[in-house]
Amino acid sequence: MPLANGFLAPEQFDDEYFFELKPAFCENCLTFQIIEQPNPEKMFHDSYAFFSRTSKYMVKHFQDYAEWAMASYFESDRPFVVEIGSNDGVMLENFANKGIKHLGIEPSANVAKEAQKYGVNTIVEFFNAELANRIIAEHGQADAILAANVMCHIPNLHSIAEAVDKLLKLKGVLIFEDPYLGDMIEKTSYDQIYDEHVYIFSAHSVINIFKLYGLELIDVKPQITHGGSMRYVFARQGQRSVSVAVAKQLTYERNQGLHLAPTFEQFRKNCEQSRERLVDLLNKEKAVGHRVVGYAATSKSTTVLNYCAIGSELIEFISDTTPIKQGKYSPGAHIPVRPYAMFTNNYPDAALLFAWNHKKEIMEKETAFTQKGGQWLTYVDV
Ligand code: SAH
Ligand code: TMP
């Protein structure tokens, strides 16, 4: 597999980086993860392609997340909140607007620069125990450490848990959300697996890592974002009451077999079937002479296109609204990525919905395509 966000120009084709995307499940700590992990510096740098604000629903989601965190957990008069992976400031802006002391930790310089426009303070570095010490020296301990779609990106979770243990006040909380293993297994949404997603967490697996650092899971909240996510709330052992939702989620996971290896054998078979169905569908479209375009050059599409060996013989181009991706080619499959106007100016017969996790937003926006008889092709039911 190539890097999921490694969109590239033709002169870079010969030097493209590939690694083995091989997931595994550990029967001891109940963690689902990829074995070979590309160096984070290859993925997160000054031309990182993912900007959180590209979805207006996500902007609203982060506003709600911030308001809920403030209402539920802020006890001090002058709270200090730290976000890991703050990207373009989409979450912290909500704290900055209220004059709340905040700090974003974001190693990708280009997205961090965007955050400045929203008055968000950012340190352009990777979060780890050494940085936690520097933050404490300068700002003191944090009331809340927040994260979204980043904890699962960090190979060395021990270093993060150690850093959180240092940085958090006695009554502080760590809140993070990531794509949820239960949803991936249920939907066969194997496209959640790519270089940046080192882990696909479950409540069982996050408990097992953070308990080693005296942190206790006190609440879980399922989210519809990113195709099914879970928000986890941790506090220092015994410092806050534990919601009944935690025990319920653990029971659900055991009922789904998320703690058992055969579940993942079945998942593999389901992935293979999903691949056969998609390739068959696209071949049929081609056989009747239809033009098929990919809708949104998502990170997830990199896994799908390369796992299914689909190239520009089946998909004419991929339409995407992110300027940094336009004019480049998709990782590995080398399908051209074109501006959104190329889609609207000359509708294809069918669009393959790579951004299936943003389906609601996209269906609302694309009524004209649908009304003109445009077909939506999908490989994950939502
Ligand atoms: N929180 C945002 C962005 C998620 S993308 C959202 O949910 O939309 C993941 C982000 O985490 C990227 O911007 C990446 O640069 C950043 N990141 C990756 N590793 C990190 C680390 N070790 N510490 C802090 N941020 C990291
Ligand atoms: P992601 O799935 O990796 O989060 O990336 C989402 C991509 O989808 C991002 O490149 C922007 C693109 N996109 C569109 O092109 N049109 C849309 O309407 C939406 C919601 C996203």
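All ligand and atom numbering here is 1-based and tracks the order in the structure.
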- Task: For ligand 1, note which part of F44 has a heavy atom under 4.0 Å away: side chain, backbone, both or neither.
- Result: side chain
- Task: Number the atoms of ligand 1 from 1 as they appear, then name those within less than 4.0 Å of a heavy atom of I154, with their elements.
- Result: 21 (C), 22 (N)
- Task: Please say whether the positively charged group of K101, taken as NZ for Lys or CZ for Arg, lies over the ring of F80, i.e. under 6.0 angstrom from the six-membered ring centre and within 45 degrees of the axis.
- Result: yes
- Query: Looking only at protein heavy atoms, which one is nearest to atom 19 (C) of ligand 2, and how far off is it?
  - Reply: I362 CD1, 4.3 Å
- Message: Looking at ligand 1, would P107 count as a contact under a 4.0 Å heavy-atom criterion?
- Response: yes
- Message: Regarding ligand 1, does Y48 bring an N or O atom to under 3.5 Å of one of the ligand's N or O atoms?
- Response: no
- Query: In terms of atom number and element, which parts of ligand 2 are under 4.0 angstrom from non-hydrogen atoms of K325?
  - Reply: 9 (C), 10 (O)
- Answer yes or no: does an N/O atom from N149 fall short of 3.5 Å to an N/O atom of ligand 1? yes
- Report the residue from R53, Q63, H102 that forms a side-chain hydrogen bond (donor to acceptor under 3.5 Å, both in side chains) with E93. R53
- Heteroatom proximity flag, S52 to ligand 1, N/O under 3.5 Å: yes
- Query: So F234 and F176, would you call those rings parallel, tilted or perpendicular, with 30° and 60° as cut-offs?
  - Reply: parallel
- Query: Does F50 approach ligand 2 within less than 4.0 angstrom via side chain, backbone, both or neither, non-hydrogen atoms only?
  - Reply: side chain
- Message: So for ligand 1, is A148 a polar contact partner (N or O within less than 3.5 Å, distance only)?
- Response: yes
- When only distance counts, is V111 in polar contact with ligand 1, meaning an N/O pair under 3.5 Å? no
- Quick check: does N87 get an N/O under 3.5 Å from an N/O on ligand 1? yes
